Amino acid sequence: MAKAATTANPGVKSGVRIVVAGDRGTGKSSLIVTAISETFPSSVPPVLPPTRMPDDFYPDRVPITIIDTSSKVEDASKVAEELKRADAVVLTYACDRPETLDRLSTFWLPELRQLEVKVPVIVVGCKLDLRDENQQVSLEQVMSPIMQQFREIETCIECSAFKHIQIPEVFYYAQKAVLHPTGPLFDQESQTLKPRCVRALKRIFILCDLDRDGALSDAELNEFQVCIHVIILFFFFFCNFGGHGPYKLQCLKNMVNLHILLCFLRREAQAQSLKSSKGTGWVKCFNAPLQPSEIIGVKRVVEEKLPGGGVSGMGVNDCGLTLTGFLFLHALFIEKGRLETTWTVLRKFGYNNDIKLSDELIPTFKLAPDQSVELTSEAVEYLRNIYELFDSDGDNNLRPAELEDIFSTAPESPWEEPPYKDAAEKTALGGLSANAFLSEWALMTLLDPSRAVENLIYIGYSGDPSAAVRLTRRRRLDRKKKQSDRNVFHCFVFGPKKSGKSALVNSFIGRPFYDSYAPTAEEIYAVNVVDLPGVSVIEVGIKKTLVLREIPDGGVKKLLSNKESLASCDIAVFVYDSSDQSSWKRATELLVDVASHGEDTGYEVPCLIVAAKDDLNSFPMAIQESTRAVISLLILFHESLQISLVRLENNALNCNYLILQVSQDMGIEAPIPISSKMGDTNNVFRRIVTAAEHPHLSIPETEAGRSRKQYNRLVNRSLMFVSGMLIFETPRISGTAINISGWSCRGHCWASSLPCICCEKELFWLKNEDSPINEMQLTHSPVEDLQYN
């Protein structure tokens with residue numbers, strides 16, 4: 001079972017900044033001074049300095065800083081800056097001056113929207129003692145129209161600093177609106193819990209339902225409801241005892257301190273028993289169990305509002321409190337203003353203010369650019385079991401409703417938006433097969449491993465989150481070992497417009513072919529499982545997951561502008577229209593660009609060429625003017641290709657030969673002909689995976705890259721030779737042969753020869769032993785009486 005958060009109140013702010021604003025003479029400064037000193041001031045300055053309330057002033061023990069503001073027009077810019085930095089805003093009006101109330105809706109609230117201040121707003125009517133007794137109007141009647149127009153208003157309250165009426169409550173509600181906001185939990189307009197809150201509470205309910213019978217028994221309810229018990233008692237005393245003003249606040253402080261002391265003593269007394277008990281995988285909210293009569297009382301409240309009974313009772317059934325009843329209780333707490341109850345529960349199970357698991361619970365991954373992340377076999381097996389559990393009829397078709405049910409305990413379904421939406425193959429009934437379901441998970445793990453692990457936790461994965469995935473070996477190490485150990489391969493699909501690359505991607509996930517052309521504006525992903533044959537007839541084949549990423553022709557330049565853009569690519573495929581000569585030319589240009597980028601950055605990738613639309617006639621065989629451009633392009637990246645245009649024209653060399661020549665000169669396989677329209681893929685996906693499994697092969701080499709490698713080889717061998725000569729110094733023996741690296745000569749010694757970059761002749765390192773400094777020399781001519789031993 002997934003553990004609740006062990007961190008203290010994730011998502012709770014370390015401090016609350018409250019800005020008090022309003023018209024001149026509405027009582028801002030007097031409100032602040034009275035709240036801090038519990039004494040009404042005889043005089044106050046125009047603007048108070050920032051004031052900090054004691055940390056233990058309110059039960060959450062979160063420091064509060066109160067910012068007073070000026071009402072002068074010339075200070076408007078300063079006030080605006082303070083409002084932008086606020087965690088909550090207190091807007092004041094004077095109860096004895098109705099025009100100041102009107103100014104809230106005509107100036108202050110629109111001003112907050114214009115400044116894009118999106119924080120809770122507390123509207124406070126000050127000077128309650130000065131209001132005309134003949135004009136008594138209920139606060140609800142006055143504020144209801146304003147609150148309908150401005151939903152950011154969290155609470156409205158009236159107070160009197162002079163008579164100490166509801167002064168502490170003003171800043172308590174402001175702090176409460178920040179620490180326990182209503183917005184993420186409750187929709188004021190529909191008066192219902194928000195979907196993300198329902199999903200989180202459903203997950204918590206499932207975690208607490210240890211026997212998986214769909215209801216919380218008395219024992220399970222007691223384990224969970226301890227937090228509600230303490231909060232109900234706390235607010236019962238707070239709301240019904242102590243009257244108004246300082247006495248009520250002191251009562252509040254005393255209760256909090258007493259509760260902390262009791263919890264400490266209780267925790268110490270139970271330390272040993274807690275250590276020896278079997279863990280349930282989640283953390284209790286408080287150590288204060290409910291009495292049997294209290295549990296009955298909770299059930300009775302639910303049954304009165306949600307009658308039913310029996311096995312299928314709506315709120316309570318024979319087994320205990322149902323999910324419907326559990327959600328109703330929280331809705332009831334929120335409606336009664338007890339948001340602390342729901343927030344305490346959520347935070348104890350690791351949720352932050354966005355109703356998502358806090359960052360501390362989600363592992364992050366530090367990996368090299370050419371590493372990737374994959375699910376472990378344990379996580380894959382867990383997902384298989386989840387699939388079988390929710391595929392109730394066992395038809396290998398997970399319907400959309402069943403998929404939504406799987407993610408009903410996550411903030412939202414992660415596959416509703418690109419790149420995951422429609423990235424896997426659908427069944428004839430519009431659902432997902434087991435392979436497609438696992439493929440979507442593999443894609444999410446590849447692109448966003450933290451999000452994949454987060455959603456694993458949401459759907460009930462109970463293992464160590466960091467053990468659910470593994471980091472693959474670096475690709476450059478794979479090339480040295482001449483074998484990849486990956487189970488998921490990332491393939492970039494390049495190609496010019498109308499080349500057929502989208503048709504190739506669509507055929508990979510079983511989409512039908514369409515003759516109409518639809519240009520690709522954004523990158524598109526497709527993922528599926530590829531079956532590889534076994535080595536022998538007896539051996540069972542293995543499964544690999546292939547991810548195709550279609551790169552629009554217009555997006556190649558932007559992609560290659562990033563040095564590490566090819567680091568995540570296991571293999572690149574270049575698609576061209578075999579019936580269009582210009583398509584082949586553009587595909588070749590893309591191949592050269594990608595190959596050059598890989599050589600420049602060190603992230604070289606295997607490449608394959610795919611000749612699409614094989615069902616159409618190939619482009620003209622004669623060498624036309626456009627063919628000259630292709631040959632010129634070949635000469636640019638392969639200077640050794642000395643082909644005479646005149647001779648080619650005389651011999652009417654066909655274009656297929658040129659295509660084959662490009663593949664050979666760049667060191668990759670010949671183009672793979674396919675026809676998406678005819679359904680003939682020529683095992684191209686299996687060939688893509690096979691090429692990706694051998695990352696040292698099929699890597700294209702340009703002429704610039706070939707020259708660079710020759711130069712590096714020359715330098716490396718030179719350095720190796722010099723290093724060897726320094727370590728193994730050969731004594732000078734006059735008139736006799738001296739053996740070095742299998743060669744000998746009289747008077748001179750040399751170790752090896754290399755091709756010269758400028759003329760391709762042999763270069764020789766010579767050591768002149770007749771020289772007093774034994775200098776090294778480089779020459780084109782070998783020593784005359786050189787002989788091999």
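Note that the structure is a prediction, hence the values are computed from the model and not measured.
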Between the main-chain N or O of Asn397 and the side-chain N or O of Thr427, is there a donor-acceptor pair closer than 3.5 Å? no
Pair [X]-[Y], side-chain donor/acceptor within less than 3.5 Å:
X      : Y      : result
Glu374 : Thr445 : no
Asp615 : Ser675 : yes
Thr520 : Ser502 : yes

If the threshold is 4.0 Å, N to carboxylate O, is there a salt bridge linking [X] and [Y]?
X      : Y      : value
Asp370 : Arg476 : yes
Glu589 : Arg586 : yes
Asp570 : Arg486 : yes
Lys557 : Asp553 : no

When every non-hydrogen atom of Lys482 is compared with those of Pro695, the smallest separation belongs to C-CD, 4.5 Å
Between Pro369 and Ala567, which heavy-atom pair has the shortest distance, and what is it? O-CB, 3.3 Å
Taking Phe492 as the fixed residue, which of Val556, Leu566, Val547, Val573 is the one that meets the side chain to side chain contact (heavy atoms under 4.5 Å, CB included) rule? Leu566
Is the distance between the ring centroids of Phe407 and Tyr458 under 6.0 Å?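 Not under 6.0 Å, so no.
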Once the angle between the rings of Tyr461 and Tyr382 is folded into 0 to 90°, is it parallel (under 30°), tilted (30 to 60°) or perpendicular (over 60°)?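 Ring orientation, 0 to 90° scale: perpendicular.
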Kindly compute the distance separating CD1 (Ile542) from CD (Glu693), expressed to the nearest 0.5 Å. 5.5 Å
As an exercise, state the distance from CG of Asp593 to CZ of Phe574, rounded to the nearest 0.5 Å.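 Atom-to-atom, Asp593:CG and Phe574:CZ are 8.5 Å apart.
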Name every donor-acceptor pair, under 3.5 Å, that has one atom in a side chain of residues 413-425 and the other anywhere in the protein, sequence neighbours excluded.
{"residue": "Asp422", "atom": "OD1", "partner": "Lys426", "partner atom": "NZ", "Å": "3.3"}
{"residue": "Glu425", "atom": "OE1", "partner": "Asn528", "partner atom": "ND2", "Å": "3.0"}

Considering only heavy atoms from C-beta outward, does the side chain of Phe685 approach that of Leu548 to under 4.5 Å? yes
Note, Asp464 side chain near Glu378 side chain (heavy atom, < 4.5 Å): no
